[in-house]
Engineer: 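For reference, the structure I am asking about is given below.
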Amino acid sequence: MDKNTLLTQLEALLSAETDPVANMANTAALMYNGLAGLNWAGFYLLKEGVLVLGPFQGKPACVRISVGRGVCGTSVQLRKTVLVPDVHQFPGHIECDSASQSEIVVPLIKNGVMLGVLDIDSPHKGRFSQEDQVFFEKVAEILLKNCHF
Ligand code: SME
């Protein structure tokens with residue numbers, strides 16, 4: 001599906017609700033079903049200093065990730081989006097699904113507070129572009145705007 005249409009649908013889907021779990025679940029479902037070439041789409045939430053698995057679509061995944069570990073923990077540590085064209089070239093990449101070849105992780109930061117990450121995996125190398133990064137950062141922004149954490 002076209003990315004602008006997805007953003008419009010996301011706004012519509014989340015605007016009537018503020019519960020983070022409900023909104024993260026629908027965001028993961030919309031991304032996973034609306035975008036081509038993904039094998040995992042979901043969230044990790046920062047709880048007592050550790051990333052804990054949240055709502056997602058795809059195969060079961062590792063439950064806890066330390067800050068600074070893997071692509072997700074690196075994104076939290078840097079407080080920046082981390083785009084990995086080839087996960088096998090990323091030192092410390094945590095393999096949850098052996099199908100994953102590329103990955104993008106966007107940190108969820110609201111009012112300066114680190115809440116967790118949006119994590120998207122693809123079975124294709126180089127699946128994510130700079131344009132995709134802008135898109136997923138908008139997705140995170142829409143989610144954060146519509147959630148009361
Ligand atoms: N690959 C991630 C772990 C989470 S899964 O991709 C769902 C990482 O290196 O942090």
Side-chain angles (χ1 to χ4, degrees), residues 3 6-7 9-11 13-14 17-130 132-149:
K3 288 203 223 39
L6 272 179
L7 291 176
Q9 286 196 357
L10 185 66
E11 277 276 5
L13 202 54
L14 305 191
E17 183 53 65
T18 58
D19 182 83
V21 171
N23 281 347
M24 285 188 285
N26 265 339
T27 303
L30 190 67
M31 295 303 115
Y32 190 78
N33 291 291
L35 293 167
L38 304 187
N39 63 313
W40 205 88
F43 296 88
Y44 281 87
L45 291 168
L46 196 61
K47 297 186 176 179
E48 293 169 359
V50 177
L51 287 169
V52 181
L53 184 63
F56 71 93
Q57 299 271 311
K59 287 190 180 168
C62 27
V63 176
R64 287 176 186 268
I65 300 175
S66 301
V67 172
R69 301 282 312 278
V71 186
C72 293
T74 301
S75 172
V76 170
Q77 193 168 50
L78 300 176
R79 298 176 78 88
K80 277 187 178 171
T81 298
V82 180
L83 196 165
V84 181
D86 179 355
V87 296
H88 300 110
Q89 304 300 321
F90 187 93
H93 167 258
I94 300 164
E95 184 178 293
C96 294
D97 180 348
S98 60
S100 297
Q101 299 291 325
S102 60
E103 180 164 3
I104 184 164
V105 177
V106 179
L108 303 175
I109 304 171
K110 190 168 185 175
N111 302 323
V113 179
M114 177 62 67
L115 298 168
V117 296
L118 165 63
D119 180 15
I120 311 282
D121 286 22
S122 170
H124 309 294
K125 280 199 175 87
R127 162 68 177 81
F128 305 110
S129 63
Q130 293 300 320
D132 290 319
Q133 175 168 342
V134 172
F135 168 75
F136 287 119
E137 287 173 349
K138 277 194 192 136
V139 169
E141 199 182 303
I142 292 170
L143 175 78
L144 288 169
K145 187 184 73 183
N146 287 288
C147 285
H148 290 171
F149 282 91

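All values below were derived from every heavy atom in this structure, side-chain atoms included, with hydrogens, water molecules and symmetry-related copies excluded.
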Engineer: Side chain of Asn111, backbone of Val113: donor and acceptor closer than 3.5 Å?
Structural biologist: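 No; judged by distance alone, with no hydrogens or angles, the pair does not exist.
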Engineer: What distance separates Ile142 CD1 from Leu10 CG, expressed to the nearest 0.5 Å?
Structural biologist: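 It comes to 5.0 Å.
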Engineer: Please check this pair: side chain of Ser122 against backbone of Gly37, looking for a donor-acceptor N/O pair closer than 3.5 Å.
Structural biologist: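 Yes; judged by distance alone, with no hydrogens or angles, the pair exists.
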Engineer: Counting C-beta onward and ignoring hydrogens, is there a side-chain heavy-atom pair between Glu103 and Val82 closer than 4.5 Å?
Structural biologist: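 No, side chains not in contact.
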Engineer: Using the rule given for side chain to side chain contact (heavy atoms under 4.5 Å, CB included), can you reason through Leu118 versus Val139, listing the C-alpha separation, both sets of side-chain angles and the distance that settles it, and then say yes or no?
Structural biologist: CA-CA 9 Å; Leu118 165 63; Val139 169; 4.0 Å; yes
Engineer: So, taking the atom named CG in Asn39 and the one named OH in Tyr32, what distance separates them when rounded to the nearest 0.5 Å?
Structural biologist: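 Interatomic distance, Asn39 CG to Tyr32 OH, rounded to 0.5 Å: 6.5 Å.
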Engineer: More than 12 heavy atoms of other residues, nucleotides or ligands under 6.0 Å from NZ of Lys110: yes or no?
Structural biologist: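 Enclosed: over 12 neighbouring heavy atoms sit under 6.0 Å from NZ of Lys110.
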Engineer: So, for Met24 and Pro55, which heavy atoms are closest and what is the spacing to 0.1 Å?
Structural biologist: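 Looking at all heavy atoms of both residues, the shortest contact is CB-CG, 3.8 Å.
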Engineer: Does Asn146 reach the main-chain N or O of Asn23 with its side chain, forming a donor-acceptor pair under 3.5 Å?
Structural biologist: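 Not confirmed, Asn146 side chain does not pair with Asn23 backbone.
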Engineer: For Phe56, check ring pair (Phe, Tyr, Trp, His ring centres under 6.0 Å) against everything at least two apart and list the hits.
Structural biologist: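 Testing Phe56 for ring pair (Phe, Tyr, Trp, His ring centres under 6.0 Å), a comparison that skips the adjacent residues, returns Trp40.
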Engineer: Evaluate the side chain to side chain contact (heavy atoms under 4.5 Å, CB included) criterion for residues Asp119 and Val71: first the C-alpha distance (whole Å), next the side-chain angles of each, then the deciding distance (0.1 Å), finally the verdict.
Structural biologist: CA-CA 9 Å; Asp119 180 15; Val71 186; 6.0 Å; no
Engineer: What ring-ring contact (aromatic ring centres under 6.0 Å, His included) pairs are there with at least one residue in residues 84-119, not counting sequence neighbours?
Structural biologist: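 Applying ring-ring contact (aromatic ring centres under 6.0 Å, His included) to every pair that reaches into residues 84-119, excluding sequence neighbours, yields nothing.
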Engineer: Output the distance between atom CG (Leu45) and atom CG (Leu108), rounded to the nearest 0.5 Å.
Structural biologist: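 Output value for this atom pair is 7.5 Å.
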Engineer: According to side-chain hydrogen bond (donor to acceptor under 3.5 Å, both in side chains), who are the partners of Glu11, at least two apart in sequence or on a separate chain?
Structural biologist: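 Per chain and number, Glu11 pairs via side-chain hydrogen bond (donor to acceptor under 3.5 Å, both in side chains) with Lys145.
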Engineer: Closest heavy-atom contact between Val117 and Ser75?
Structural biologist: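 Smallest heavy-atom distance, with atoms named: CG1-OG, 4.1 Å.
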Engineer: Would you name the heavy atoms of Ala28 and Phe43 that are closest together and state the gap between them?
Structural biologist: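 Scanning both residues, the minimum pair turns out to be N-CE1, 4.1 Å.
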Engineer: Within the 4.5 Å heavy-atom criterion, are Phe128 and Thr81 side-chain neighbours or not?
Structural biologist: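 Contact flag for Phe128/Thr81 side chains = no.
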Engineer: Mind running side chain to side chain contact (heavy atoms under 4.5 Å, CB included) on Ile104 and Phe135 for me, showing each step along the way?
Structural biologist: CA-CA 11 Å; Ile104 184 164; Phe135 168 75; over 6 Å; no
Engineer: What heavy-atom pair brings Ser98 and Glu95 nearest, and what distance separates the two atoms?
Structural biologist: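 The pair with the smallest heavy-atom distance is CB-OE2, 3.4 Å.
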Engineer: So, for Ala140 and Val106, which heavy atoms are closest and what is the spacing to 0.1 Å?
Structural biologist: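 The pair with the smallest heavy-atom distance is CB-CG1, 3.8 Å.
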Engineer: Might you point out which heavy atoms bring Phe149 and Leu144 nearest each other, and give the distance in Å?
Structural biologist: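 So the two residues come closest at CE1-CD2, 3.7 Å.
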Engineer: Within this structure, what is the OG-CG distance for the pair Ser102 and Asp132, rounded to the nearest 0.5 Å?
Structural biologist: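 One finds 9.5 Å between OG of Ser102 and CG of Asp132.
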Engineer: Keeping to residues at least two apart or across chains, list the disulfide (SG to SG under 2.5 Å) pairs with something in residues 22-57.
Structural biologist: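 Qualifying pairs: none.
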Engineer: Excluding sequence neighbours, so at least two apart, what forms side-chain hydrogen bond (donor to acceptor under 3.5 Å, both in side chains) with Asp121?
Structural biologist: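 Only Ser100 meet the side-chain hydrogen bond (donor to acceptor under 3.5 Å, both in side chains) criterion with Asp121.
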Engineer: Heavy atoms, side chains only, cut-off 4.5 Å: are Leu115 and Leu46 in contact?
Structural biologist: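 SC-SC contact between Leu115 and Leu46 ruled out.
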Engineer: Find the distance between CZ (Arg127) and CD (Gln101) and round it off to the nearest 0.5 Å.
Structural biologist: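 Rounded to the nearest 0.5 Å, the CZ-CD separation comes to 14.0 Å.
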Engineer: Rounded to the nearest 0.5 Å, how far does SG of Cys62 lie from CZ of Arg69?
Structural biologist: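 One gets 10.0 Å once the value is rounded to the nearest 0.5 Å.
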Engineer: Which residues pass the disulfide bond (SG atoms under 2.5 Å apart) test with Cys147, sequence neighbours left out?
Structural biologist: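 With neighbours one apart ignored, the set is empty.
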